[in-house]
Amino acid sequence: IKVSKLIEDMCGLDASGLDEPDRTQKLMSLGDDLRKKNEAILALATTTVFGQNSKVTSAWRYLEIQELDNAKEAIDAAVEHEKTKGKADTWVLRGKIYYQIYIGEDEVLKGQFPKILDGAAESFLKVLELDEKGSYKKDIMPYLTGLRGQFINDGGAKYAAKDYQTALSNFEMSRVISEKAFGKDT
């Protein structure tokens, strides 16, 4: 009876006028309500915390099987979410997916994302910003080297086609990659 009184006090329940079977029933009902509320809160919290991590995991799986459209969709959701957007591994994956779309043979997919190369570069540069210990640097440097060269080549092609604005933009991105990834040229 002392435990039931403690529960009554904690829950703000006044069951003093009830006989023992009614009091027990009332407390059991209250316990069921609390359990259901706690389960709902736990389910919501689990979905929120792990939901976007599952997007990162899904993106990795899609990349592995070369379903790049699905990989892009999953990683784009992950980089917008508070729980995963500040993680370097999320941005490494985004860079890899975007780079694979750019170098891939699916022209329709590439055509849907004309700035995909810029997105790959931005992703790997974001990794450099987030990865204070340099854990991912060895992994992403080949990508940054390739991107720097690709921006120079694309800039040259746009310059030859007299698309000077796009050429300048490509050369500028190559310069930014060089500075941030390889240090300033002195």
Side-chain angles (χ1 to χ4, degrees), residues 47-186:
T47 301
T48 302
V49 170
F50 297 112
Q52 294 308 316
N53 284 334
S54 72
K55 292 285 188 188
V56 174
T57 302
S58 294
W60 272 112
R61 289 185 181 140
Y62 286 130
L63 177 60
E64 287 176 350
I65 60 173
Q66 291 296 300
E67 287 187 21
L68 299 176
D69 53 342
N70 291 329
K72 183 182 181 308
E73 182 180 330
I75 201 63
D76 285 349
V79 298
E80 294 295 324
H81 195 273
E82 288 298 318
K83 299 286 183 189
T84 50
K85 74 179 183 181
K87 295 182 177 183
D89 61 335
T90 302
W91 291 94
V92 168
L93 181 55
R94 182 178 184 252
K96 289 179 177 184
I97 291 167
Y98 279 35
Y99 191 78
Q100 287 299 313
I101 290 171
Y102 182 79
I103 65 169
E105 296 178 9
D106 188 341
E107 296 300 325
V108 173
L109 184 60
K110 276 194 246 187
Q112 292 174 12
F113 310 109
K115 295 285 193 178
I116 201 77
L117 192 63
D118 294 290
E122 291 164 5
S123 297
F124 290 124
L125 292 173
K126 183 77 171 176
V127 173
L128 292 176
E129 177 186 318
L130 294 172
D131 184 25
E132 295 174 1
K133 294 180 182 178
S135 305
Y136 293 99
K137 193 164 186 172
K138 185 177 179 182
D139 185 34
I140 66 171
M141 291 310 279
Y143 289 99
L144 287 166
T145 301
L147 286 165
R148 178 178 61 177
Q150 192 61 53
F151 278 108
I152 290 171
N153 291 341
D154 288 356
K158 294 298 182 181
Y159 184 84
K162 299 192 186 308
D163 182 355
Y164 301 120
Q165 189 62 41
T166 305
L168 179 62
S169 178
N170 283 315
F171 291 140
E172 178 63 18
M173 183 58 89
S174 178
R175 184 193 63 76
V176 168
I177 291 170
S178 292
E179 281 185 9
K180 291 187 177 186
F182 306 104
K184 290 189 176 185
D185 193 15
T186 57

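By convention here, the first residue in the shown sequence is residue 1.
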Is the shortest side-chain heavy-atom distance between Lys72 and Ile101 below 4.5 Å? yes

Which value, rounded to the nearest 0.5 Å, describes the distance between Ser174 atom OG and Asn153 atom CG? 9.0 Å

What pairs with Glu67 under side chain to side chain donor-acceptor pair (under 3.5 Å), at least two apart in sequence or on another chain? Asn70

Between the OG1 atom in Thr90 and the CH2 atom in Trp60, the distance rounded to the nearest 0.5 Å is 10.0 Å

Starting at CG of Asp89, measure out to CG of Leu130 and round the result to the nearest 0.5 Å. 10.0 Å

Side chains of Met141 and Leu144, heavy atoms from C-beta outward: is any pair under 4.5 Å? yes

If you round to the nearest 0.5 Å, how far is CD of Gln100 from CG of Leu109? 11.5 Å

Residue pairs passing the salt bridge (Lys or Arg N to Asp or Glu O under 4.0 Å) test where at least one lies in residues 136-157, sequence neighbours excluded: Lys96-Asp139

Just wondering, do Val79 and Thr84 contact through their side chains at under 4.5 Å, heavy atoms? no

Listed partners of Glu172 passing salt bridge (Lys or Arg N to Asp or Glu O under 4.0 Å), at least two apart: Arg175

Lys85: what forms a side chain to side chain donor-acceptor pair (under 3.5 Å) with it, not counting sequence neighbours? Glu82

Atom pair CD (Gln112) and CG (Asp69), whose distance is rounded to the nearest 0.5 Å: 7.5 Å

Among residues two or more places apart or on two chains, list those pairs meeting ring-ring contact (aromatic ring centres under 6.0 Å, His included) that have a residue in residues 87-118. Tyr99-Tyr143

In Å, rounded to the nearest 0.5 Å, how long is the span from CG of Leu68 to CG of Leu63? 6.5 Å

Only pairs under 3.5 Å count here: list side-chain donor-acceptor contacts from residues 156-169, not counting sequence neighbours, and write none if there are none.
residue: Asp163; atom: OD1; partner: Thr166; partner atom: N; Å: 3.3
residue: Asp163; atom: OD1; partner: Thr166; partner atom: OG1; Å: 3.0
residue: Asp163; atom: OD2; partner: Thr166; partner atom: OG1; Å: 2.9

Atom pairs and distances, side-chain donor-acceptor, residues 118-129, under 3.5 Å, sequence neighbours left out:
residue: Ser123; atom: OG; partner: Arg94; partner atom: NH1; Å: 2.7
residue: Ser123; atom: OG; partner: Gly119; partner atom: O; Å: 2.7
residue: Lys126; atom: NZ; partner: Glu129; partner atom: OE2; Å: 3.4

Residue pairs passing the salt bridge (Lys or Arg N to Asp or Glu O under 4.0 Å) test where at least one lies in residues 98-113, sequence neighbours excluded: Glu107-Lys110

